[in-house]
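These notes concern the structure reproduced below.
Read the numbers this way: they start at 1 and go in the same order the structure lists the ligands and their atoms. Because the structure is predicted, anything quoted here is derived from the model rather than measured.
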Amino acid sequence: RPSVVFDNVMFGYEKDRTILHGLSFEVPAGRNYAVVGPSGAGKSTLARLLFRFYDPQDGRILIDGQDISEVTQSSLRAAIGIVPQDSVLFNDTIGYNIAYGREGATQEEVEAAARGAALMGLIDRLPQGFETEVGERGLKLSGGEKQRVAIARTLVKNPPILVLDEATSALDTRTEQDILATLHRVAEHRTSISIAHRLSTIADADRILVLHDGRLAESGSHAELLRRD
Ligand code: ADP
Ligand code: ADP
C-alpha cells in the first residue's frame, strides 16, 4: 500500500497555459482521499500525470517515495488501477472484458477473473452470464452494468492504488449509490484517490482536497468542509 505524493507539480498542455501551478499534496499509504473542484480545475489532469500519460514540466510525483519518472511503465500500470467515467468495453464476452487487464489471459484465467469479480459483489447482479457477448452484435449493457464490468476489470489486477476519475458521475443516483458502496469496500485495503464534483459522493473519504485553478484551495474532512461553506 504505497503513498502518493505530488511535490510542487507544474503542468500545462500548451506552452503558454499552465494548468497545475505547483500542486503539492500527500495521500498517505492506505488512505482514501478525494479530489473535488469545479470543472476545469485540473482534476483529470492530475490523474493523467499520475499515470504518466503526460509528465510534469516541473516538480515530482512520488509513489512509495519513488519518483514515477524512474519507474518502468509496466510497474506503474501494475501499481495503479484507474476507473474513468466512460469506460470502453470490447465487443466480446463479459468474462473476456473483465480478464482483459491481464494480457494474454487463458480461458481458465478469464473464468478465474470473472469469478473473482463475482466474489467482490460487483457483477453478481448482472442478469447475464460471463459468456454473454456484449457490444454491437451482442447485448447492450446499461451504463451501470458497463461500469461494473469496467471496475471489475481494474480490480482483478489487484492494484494497490486506485484512482476513480468521476467513476460514477454519469450514472443515475440509485445506481451510483449502489456502486459507491462496493467501491468503498474495495478501496478500504488500498490507497485511493476519488475525483468527484459532488461532495455527496465522497462523504466516506478520509480527507478531501479542493482544487481551484490548478491549486490546492483547501482540504479537510467532509464535515469540516461543510462547516466552512
Ligand atoms: P477537471 O477534471 O477538473 O474538469 P481537467 O483536468 O480535465 O479539469 O482540465 C483542466 C484544464 O485543462 C481545462 O482548462 C481543460 O480545458 C484543459 N485541458 C484538458 N485536457 C486538455 C488537452 N488534452 N489539451 C489541452 N487542454 C486540455
Ligand atoms: P490496461 O493496462 O488494462 O490496458 P489501463 O489501466 O492502462 O488499461 O487503462 C485503460 C485505458 O483507460 C487507458 O488506455 C486510457 O485510455 C484510459 N484512461 C485511464 N485513465 C484515464 C483518465 N484519467 N482519463 C482518460 N482516460 C483514461
Residues Thr175 and Asp172: side-chain donor-acceptor under 3.5 angstrom: yes
Ser219-Arg207 side chain donor-acceptor pair, cut-off 3.5 Å: yes
Gly37 near ligand 1, heavy-atom distance under 4.0 Å? no
For ligand 1 and Ile19, I'd like to know whether there is a polar contact (N/O to N/O, distance under 3.5 Å). no
Considering only the protein, which heavy-atom contact is closest to atom 8 (O) of ligand 1, and what is its distance? Gly42 N, 3.2 Å
Ligand 1 contact by Arg17, heavy-atom criterion under 4.0 angstrom: yes
When you compare the side chains of Gln147 and Thr168, does any donor N or O come within less than 3.5 Å of an acceptor on the partner? no
Quick check: are there more than 12 heavy atoms from other residues, nucleotides or ligands sitting under 6.0 Å from CZ of Arg60? no
Determine, counting only non-hydrogen atoms of the protein, whether one lies under 4.0 angstrom from atom 21 (C) of ligand 1. yes
For atom 18 (N) of ligand 1, closest protein heavy-atom neighbour: Tyr13 CE1, 3.4 Å
No-hydrogen, no-angle side-chain donor-acceptor test under 3.5 Å, Thr45 and Tyr13: yes
Does ligand 1 have an atom that lies less than 4.0 angstrom from a heavy atom of Glu14? yes
Please classify the Thr45 to ligand 1 contact at 4.0 Å (heavy-atom distances, strictly less than): side chain, backbone, both or neither. both
Could you check whether any side-chain N or O of Glu145 sits under 3.5 Å from a backbone N or O of Ser142, counting only pairs where one atom can act as donor and the other as acceptor? yes
If you take the nearest heavy atom of each of Gly12, Gly40, Ser44, Pro38, which one is closest to atom 4 (O) of ligand 1? Gly40
Testing the 3.5 Å rule here: is there a donor-acceptor pair between the side chains of Tyr96 and Arg153? no
